[in-house]
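Structure first, then comments.
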Amino acid sequence: MIRLAVGLPIDDNKHEWIVDASAARVFGDTMTAEFKDGDTPVQDASTRASNVGSRARGRASWLGTKVVATIGPGSSSPQVLEPLLLSGVHVVRINFSHGTLEDHKVVVDRVRAIAASHQLTVAIMGDLCGPKIRLGPVEHDGVEIEAGSTLRIVTDEVEGNASRVSTNQPDVLKDIQVGHRVLIDDGMIRFVVTESNEDGLVCECQVGGTIRSRKGVNLPDSDLQIDALTEKDIVDLKWAITNDLDYLAISFVRTAADVQQLRKLIEAEAVEVHIVSKIETPQAVRDIDNIIEASDAILVARGDLGVEMDIVHVPRVQKEICARCRRYGTPVIIATQMLQTMVTEAIPTRAEVSDVANAIVDGADAVMLSAETAVGEHPVAAVEIMNRIAAEADRYGDHLSRAVVANEFCRGVTAAVAHSIQSVAEHVDAVAVAIWTEKGVLARLLSRHRIDQPILALTPSDAVRRRLALYYGVTSATVHKPQETRECLQKADDVLAREGWAKIGDPIVMGFGPASMEWGDTGSITIHRLGARRP
């Protein structure tokens, strides 16, 4: 049970109050540190990079929705990567489906060097390939398949032609039944299985086209008995751990068991890499609650999802997943073709701008660029306009004001402290909120409330600071443990004033998670005015 006791001012001249929350059990955050580099915390200058225009109080003046950018041949050079990060990238995505580990190592080193040089906080997410099913080799430059014709998909390794083809994963053929759909090349060519035998499948073409070597195969109706992690994924996982990546995205998730399999491998290495589960199959949508609970973040991969299920259902699924992630306090990324036109054009379409804005209104913590920054001709411009769309969408208050139930899915002391901070900040008309967190739990649970103030998260861990780059509305700084609450307030004041989020006399709310400051199982909230006199 949580007890909240609001006291009288400590000192009328200091304008400070204390709210104390106690409980019988410790959950979530702890905090142990003192400031590095004298009295100057390592700042999150990416806030300044991505915010455009006024520093006046209001949603447009601080960092709300985050931007994830995929790095590829079009953006990996120092000449492009540096302005790309400075334009407001908060999470860099490395796609293990393309390039070599040596290529990725160069990117990781460059990202970290640029971030250190400009005091940017940038997380790095590695995207595991998963068991992608592809066609085997096809003769010539491809063969034409007409609607109504028959195609055999065989278990043997053969060179494909207009009558038969092979696949890189023949074992999955036994899981495909008569009546199931077989989709090739992102669903552009469509078949229905009419016969299944030991040699493979007989399929009738419904929508024809040209099939080519190594084109992707989707099986939306089939319950495939296949591991979510391949041998290549295990190699990439170990590389990601060695190179201190912050997030790992797992592909081909169907149930929470797939996520737990990856979790066990990470825990066996005694490291803390957060897991992003990619939702790209109907099976994952059906098990979404369990997957959210098993994951650290969710990525709605609308491209594969739109192939695996009827494309008209994707907008509804996106909205439902965003709503459930917010209720669980789990960050959610919306991805695929958000500004696809900018792969070749300097500006996006109006429909694409609306798509990004609506994803933010749906409750996305972050929006992601894929080909736009990986191979596109205008990667920096794509990030800049993505941030401009986000800043404008964040002005729209309806999606921010929809309250979440305090303990519906997020229970425990930390969730209660986060809910209390939101309430106190609203009632005292605070201009900013600062929190101390060791693991980032309090920052994550406060982010879900979409409060009307910027959130400054102070943490002793550089790794936690980078992971916080994904959370909506959260900016971070690395600190060491202060000796007392007043020192915490002073350090928070320094950063808030420097960022332009508050001025002398403005009301500030500061929160501590359970066990912060080594106060046992206590969470606390302090209300004070920036720059108030202290002994």
Side-chain angles (χ1 to χ4, degrees), residues 27-33 36 42 68 71 90-97 100-113 115-116 121-130 227-253 256-278 291-299 329-331 333 366 414 437-444 457 459-471 474 476 478-481 513 515:
F27 279 79
D29 290 354
T30 60
M31 194 285 298
T32 58
K36 292 180 177 178
V42 179
V68 182
I71 304 302
H90 311 105
V91 180
V92 159
R93 172 178 173 251
I94 294 174
N95 189 354
F96 289 123
S97 295
T100 65
L101 293 181
E102 290 75 18
D103 296 333
H104 300 323
K105 174 62 174 173
V106 171
V107 170
V108 168
D109 290 344
R110 285 176 180 168
V111 167
R112 289 188 172 145
T121 297
V122 181
I124 300 178
M125 177 175 71
D127 194 339
L128 300 173
C129 305
D227 241 344
L229 297 172
T230 66
E231 291 182 6
K232 172 175 166 48
D233 292 332
I234 303 301
V235 172
D236 293 339
L237 164 64
K238 292 182 178 179
W239 181 92
I241 290 172
T242 300
N243 288 276
D244 295 323
L245 267 59
D246 305 293
Y247 288 96
L248 269 176
I250 176 173
S251 302
F252 201 67
V253 174
D258 296 326
V259 186
Q260 291 159 354
Q261 179 187 4
L262 177 58
R263 179 84 64 192
K264 289 178 182 177
L265 292 173
I266 293 174
E267 289 175 348
E269 299 290 336
V271 295
E272 190 168 359
V273 180
H274 280 204
I275 297 174
V276 180
S277 292
K278 295 168 64 178
I291 291 172
I292 291 173
E293 285 196 277
S295 308
D296 299 298
I298 296 294
L299 191 155
T330 301
I333 305 164
T414 310
T437 179
E438 182 176 291
K439 299 292 186 182
V441 179
L442 181 57
R444 174 174 60 81
T459 176
S461 167
D462 286 332
V464 171
R465 174 173 58 87
R466 292 194 303 269
R467 287 199 296 268
L468 294 177
L470 178 61
Y471 298 173
V474 177
S476 57
T478 304
V479 301
H480 277 192
K481 179 182 178 180

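As the structure is a computational prediction, the values presented were derived from the model and not from experiment.
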**Study point:** Test item: Arg444 and Val441 side chains (from C-beta on) under 4.5 Å apart, heavy atoms
**Key:** yes

Check your understanding: Would you call Lys238 and Asp233 a salt bridge, using N to O less than 4.0 angstrom?
Key -> no

Exercise for review: Test Ile333 against Val91 for side chain to side chain contact (heavy atoms under 4.5 Å, CB included), laying out the working first.
Suggested key: CA-CA 11 Å; Ile333 305 164; Val91 180; over 6 Å; no

Check your understanding: Is the shortest heavy-atom distance from the side chain of Lys278 to the side chain of Ile298 under 4.5 Å?
Key -> no

Review point. If you measure from CD on Glu269 to CD1 on Ile266, what distance do you get to the nearest 0.5 Å?
Key: 9.5 Å

Check your understanding: Can Leu101 and Phe96 be said to form a side chain to side chain contact (heavy atoms under 4.5 Å, CB included), step by step?
Key -> CA-CA 8 Å; Leu101 293 181; Phe96 289 123; 3.9 Å; yes

Exercise for review: Apply the test side chain to side chain contact (heavy atoms under 4.5 Å, CB included) to residues His104 and Ile71: give CA-CA distance (whole Å), side-chain angles for both, the deciding distance (0.1 Å), then the verdict.
Suggested key: CA-CA 9 Å; His104 300 323; Ile71 304 302; over 6 Å; no

**Study point:** Over all atoms of both residues, closest heavy-atom pair of Val253 and Ser277
**Key:** CG2-CB, 4.3 Å

Point to revise | Heavy-atom pair of closest approach, residues Thr437 and Leu442 | key: OG1-N, 4.1 Å

Point to revise | Nearest-0.5 Å distance that lies between atom CG in Asp127 and atom CG in Leu299 | key: 7.5 Å

Practice item. Side-chain contact test, heavy atoms from C-beta onward, threshold under 4.5 Å: evaluate it for Arg263 versus Asp296 and give yes or no. Key: yes

Review point. Between Val474 and Ala443, which heavy-atom pair has the shortest distance, and what is it?
Key: CG2-O, 4.1 Å

Review point. Should Glu272 and Val464 count as side-chain neighbours, where that means a heavy-atom distance under 4.5 Å?
Key: no

Check your understanding: Any donor-acceptor pair under 3.5 Å linking the side chain of Ser251 with the backbone of Leu128?
Key -> yes

Exercise for review: Would you indicate whether the side-chain heavy atoms of Leu265 and Leu229 approach each other to under 4.5 Å?
Suggested key: yes

Check your understanding: Out of curiosity, Thr330 OG1 to Ile292 CD1, how far, rounded to the nearest 0.5 Å?
Key -> 6.0 Å

Point to revise | Side-chain heavy-atom pair Leu248, Val276 within 4.5 angstrom cut-off | key: no

Practice item. For the pair Asp246 and Arg467, find out whether any cationic side-chain nitrogen is under 4.0 Å from an anionic carboxylate oxygen. Key: no

Exercise for review: For the pair Lys264 (side chain) and Val259 (backbone), establish whether a donor and an acceptor sit closer than 3.5 Å, ignoring hydrogens and angles.
Suggested key: no

Revision key, fill the gap. Taken to the nearest 0.5 Å, the spacing of Asp236 CG from Ile241 CD1 works out to 11.5 Å

Study note, to complete from the structure: Taking every heavy atom of Ser476 against every heavy atom of Leu468, the minimum-distance pair comes out as CB-CD1, 3.8 Å

Check your understanding: Do Val68 and Val92 have side chains that get closer than 4.5 Å, going by heavy atoms?
Key -> no

Review point. Going through the checks in order, is the side chain to side chain contact (heavy atoms under 4.5 Å, CB included) test met by Glu438 and Ser461?
Key: CA-CA 7 Å; Glu438 182 176 291; Ser461 167; 5.9 Å; no

Practice item. To the nearest 0.5 angstrom, please state how far the CD atom of Gln260 sits from the CD1 atom of Ile291. Key: 10.0 Å

Exercise for review: Provide the closest heavy-atom pair for Leu470 versus Ala366 in the form atom of the first, atom of the second, distance.
Suggested key: CD1-CB, 3.7 Å

**Study point:** Point-to-point distance, once rounded to the nearest 0.5 Å, from NE2 of His90 to OH of Tyr471
**Key:** 15.0 Å

Point to revise | Taking every non-hydrogen atom, the tightest pair across Met125 and Leu245 | key: C-CD2, 4.3 Å

Check your understanding: If we only count heavy atoms from C-beta on, is the Arg93 to Tyr247 side-chain gap below 4.5 Å?
Key -> no

Point to revise | Thr459-Arg465 side chain donor-acceptor pair, cut-off 3.5 Å | key: no

Review point. With the threshold set at 4.0 Å, does a side-chain nitrogen-carboxylate oxygen contact exist between Asp109 and Lys105?
Key: yes

